[in-house]
Amino acid sequence: MILISIIYGLLALIYFALMKFNFNLINWLTISHVLISIIGLIIIFILPRLIKDSLPIDFSTIMEDTRFNERIGYGIWGSVFALFGAQFLFFINVIYALIKGRF
């Protein structure tokens, strides 16, 4: 949790520095990055709470819970990849702003 806060704090400082030095960012990339990051983090923190820890009542219940937990795992991994994609959008946006602002 602390590592995520540090990473997002550094990203915010980069955004602030770009705005302070009058580098124009692409608005839709900025909005996409922020929305994907916020929604992805919310999903990553909520989905693990939905994982079912069932007592071995019967075999079919165990199998259903296992399939459910597997789908939750896929959702978590999908969110992680979406977050990495959002950070990629951030770097594209920063590089574009630096190139456009320099020339």
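One-based numbering along the sequence shown. Every value quoted in this text rests on a predicted model; they were computed, and no experiment measured them.
- Using a 4.5 Å cut-off between side-chain heavy atoms of Ile, Leu, Val, Met, Phe, Trp and Tyr, with links allowed through other members, M19 and V34 fall into different hydrophobic clusters.
- Clustering of Ile, Leu, Val, Met, Phe, Trp and Tyr side chains at separations under 4.5 Å places F59 together with M63.
- Remark: T61 engages D58 in a side chain to side chain donor-acceptor pair (under 3.5 Å) (not counting sequence neighbours).
- Applying the side chain to side chain donor-acceptor pair (under 3.5 Å) test to residues at least two apart or on different chains, the pairs with a partner in residues 29-46 are Y15-H33, T30-N93, H33-Q87, S37-Q87.
- The side chain to side chain donor-acceptor pair (under 3.5 Å) test applied to N24 returns no partner, not counting sequence neighbours.
- Rounding to the nearest 0.5 Å places CG of L47 at 5.0 Å from CD1 of I72.
- Within the model, atoms CG of D53 and CG of N69 stand 7.0 Å from one another, a figure rounded to the nearest 0.5 Å.
- When hydrophobic side chains of Ile, Leu, Val, Met, Phe, Trp and Tyr are connected at separations under 4.5 Å, I31 ends up clustered with L35.
- Following chains of ILVMFWY side-chain contacts shorter than 4.5 Å, one can reach F21 starting from F91, so the two form part of one hydrophobic cluster.
- No more than 12 heavy atoms of other residues, nucleotides or ligands shown are found within 6.0 angstrom of OH on Y74.
- Taking OH of Y8 as the start and CD1 of I38 as the end, the distance is 9.0 Å to the nearest 0.5 Å.
- For the atom pair CG of L25 and CD1 of I14, the computed distance is 11.0 Å after rounding to the nearest 0.5 Å.
- Other residues sharing the hydrophobic cluster of F88, ordered by chain and number and joined by side-chain separations under 4.5 Å: I26, W28, L29, I36, L89, I92, Y96.
- Residues I43 and I76 form no side-chain contact, since every pair of their non-hydrogen atoms from C-beta on lies 4.5 Å or further apart.
- Both L3 and V80 belong to a common hydrophobic cluster when Ile, Leu, Val, Met, Phe, Trp and Tyr are linked at side-chain heavy-atom distances under 4.5 angstrom.
- Two residues are said to be in side-chain contact when any heavy atoms from C-beta on lie closer than 4.5 Å; I44 and L83 meet this criterion.
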